[in-house]
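Working notes, beginning with the structure itself.
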Protein chains: 2
Amino acid sequence: MRRDIFQAIADPTRRAIIALIALQALTPNAIAEHFQTSRQAVSKHLRVLTECELVTQQQHGREIHYSLQLERLQEVDHWLSQYRKLWETRFTQLDQVLSTLKNQKK
Amino acid sequence: MRRDIFQAIADPTRRAIIALIALQALTPNAIAEHFQTSRQAVSKHLRVLTECELVTQQQHGREIHYSLQLERLQEVDHWLSQYRKLWETRFTQLDQVLSTLKNQKK
DNA sequence: TTTATGTGCAACCAATCGGTTTCGCAAATA
DNA sequence: TATTTGCGAAACCGATTGGTTGCACATAAA
């Protein structure tokens with residue numbers, strides 16, 4: 001199933017998982033220890049994250065290590081960038097207003 | 001109800017609404033014309049967006065104009081920034097690897 | 001070999017979601 | 001005044017979500 005990354009990061013638990021594995025790969029059991037939910041619930045979240053390619057798996061014997069695919073977050077960054085342009089323009093305009101006011105005081 | 005902005009932008013229709021009103025405020029009817037859903041469905045989306053303060057209303061007679069609160073998107077930007085740091089570091093490291101290789105060729 | 005451990009998957013469940021239709025109400029228009 | 005228009009709110013509905021429990025199956029350890 002093709003998943004939407006925005007829907008994937010909508011859940012707070014999934015964002016917490018992302019934060020956990022950002023620096024080092026972890027197993028589902030290791031991740032589940034940080035929450036009050038079952039390992040299976042964490043597995044379901046990992047499946048959603050895997051389906052939108054936000055995380056990848058590395059098998060080590062019977063353990064599976066999940067790690068974050070940082071680059072995928074750039075899709076969100078790209079979506080944001082169109083609006084970032086707008087709010088930066090707005091700040092620039094505010095700066096201009098402020099300096100105009102400053103000059104009038106002189 | 002206190003809403004989560006990540007949950008608000010998870011829905012593709014809501015992201016489309018955000019894009020629509022980014023440049024100019026619009027009424028629910030005007031927005032609904034861009035989709036194949038009813039005005040009431042759009043109203044529900046606007047309610048979600050209003051609850052997390054992503055949009056604000058301006059009443060003009062019987063018309064209500066909805067406009068985007070750009071600054072609120074900075075909450076997403078702020079969340080992203082921690083990971084942006086990481087992927088930029090990664091790129092920097094890649095650059096270093098590349099220039100090391102380059103120097104070795106000399 | 002037997003037992004313990006790490007995992008994914010399926011079935012089930014209550015809650016939520018995104019949509020619809022119907023309604024009521026205030027403002028604009030005839 | 002009577003009618004039309006723009007809107008929110010409520011009731012309803014099927015699909016999805018996030019959780020659970022129970023299971024099957026490898027791999028590691030005894």
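Just so it is clear: chains get the letters A, B, ... in the order the sequence lines come, proteins before strands, and each one is counted from 1. Nothing here was measured: the structure is a model prediction, and the numbers come from that model.
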Residues in residues 29-43 of chain A with a heavy atom under 4.0 Å of DNA chain D, by number, are Thr37(A), Ser38(A), Gln40(A), Ala41(A)
Please give me every residue in residues 9-18 of chain B whose heavy atoms get under 4.0 Å of an atom in DNA chain D, ordered by residue number.
none
NE2/His65(B) to CD/Gln59(B) distance, rounded to the nearest 0.5 angstrom?
9.5 Å
Which residues satisfy the side-chain contact (heavy atoms from CB on, under 4.5 Å) test with Glu71(B), sequence neighbours excluded?
Arg90(A), Gln69(B), Gln74(B)
Mind checking what makes side-chain contact (heavy atoms from CB on, under 4.5 Å) contact with Gln57(A), not counting sequence neighbours?
Thr50(A), Ile64(A), Tyr66(A)
Ranking Lys44(B) and Gln7(A) by the position along DNA chain D of their nearest nucleotide, the one closer to 5' is Lys44(B)
In residues 57-68 of chain B, what residues come within less than 4.0 Å of DNA chain C, judged by heavy atoms?
Gly61(B), Arg62(B)
Could you please spell out the steps behind the side chain to side chain contact (heavy atoms under 4.5 Å, CB included) verdict for Leu49(B) and Leu68(B)?
CA-CA 9 Å; Leu49(B) 294 170; Leu68(B) 182 62; over 6 Å; no
Treat each ILVMFWY residue as a node, draw an edge where side-chain heavy atoms are under 4.5 Å apart, and state whether [X] and [Y] are in one component.
X	Y	answer
Val55(B)	Val48(B)	no
Phe6(B)	Phe35(A)	yes
Leu73(A)	Leu73(B)	yes
Ile5(B)	Leu80(A)	yes

Applying salt bridge (charged side-chain N to carboxylate O under 4.0 Å, His left out), which residue pairs with at least one partner in residues 20-46 of chain B are found, sequence neighbours left out?
none
Go through the structure and list residues passing side chain to side chain donor-acceptor pair (under 3.5 Å) with Thr37(A), not counting sequence neighbours.
none
For Gln58(B), the side chain to side chain donor-acceptor pair (under 3.5 Å) test, sequence neighbours excluded, returns Thr56(B), Ser67(B)
Here the side chain to side chain donor-acceptor pair (under 3.5 Å) pairs for residues 76-86 of chain A, sequence neighbours left out, are Asp77(A)-Arg84(A), Asp77(A)-Arg84(B), Arg84(A)-Asp77(B)
Using chain A heavy atoms and a threshold of under 4.0 Å, write down where along DNA chain D the contacts begin and end, 5' to 3'.
dT17(D) to dA28(D)
Give every donor-acceptor pair under 3.5 Å between a side-chain atom in residues 10-30 of chain A and any protein atom, sequence neighbours left out.
{"unit_1": "Asp11(A)", "atom_1": "OD2", "unit_2": "Thr13(A)", "atom_2": "N", "d": "3.0"}
{"unit_1": "Asp11(A)", "atom_1": "OD2", "unit_2": "Arg14(A)", "atom_2": "N", "d": "3.1"}
{"unit_1": "Arg14(A)", "atom_1": "NE", "unit_2": "Ala8(A)", "atom_2": "O", "d": "2.7"}
{"unit_1": "Arg14(A)", "atom_1": "NH1", "unit_2": "His45(A)", "atom_2": "ND1", "d": "3.1"}
{"unit_1": "Arg14(A)", "atom_1": "NH2", "unit_2": "Gln7(A)", "atom_2": "O", "d": "3.3"}
{"unit_1": "Arg15(A)", "atom_1": "NH1", "unit_2": "Ile9(A)", "atom_2": "O", "d": "2.7"}
{"unit_1": "Arg15(A)", "atom_1": "NH1", "unit_2": "Ala10(A)", "atom_2": "O", "d": "3.1"}
{"unit_1": "Arg15(A)", "atom_1": "NH2", "unit_2": "Asp4(B)", "atom_2": "OD2", "d": "3.1"}
{"unit_1": "Thr27(A)", "atom_1": "OG1", "unit_2": "Ala30(A)", "atom_2": "N", "d": "3.2"}

Give me the first and last nucleotide of DNA chain C, going 5' to 3', that has any atom under 4.0 Å from a heavy atom of chain B.
dC17(C) to dA28(C)
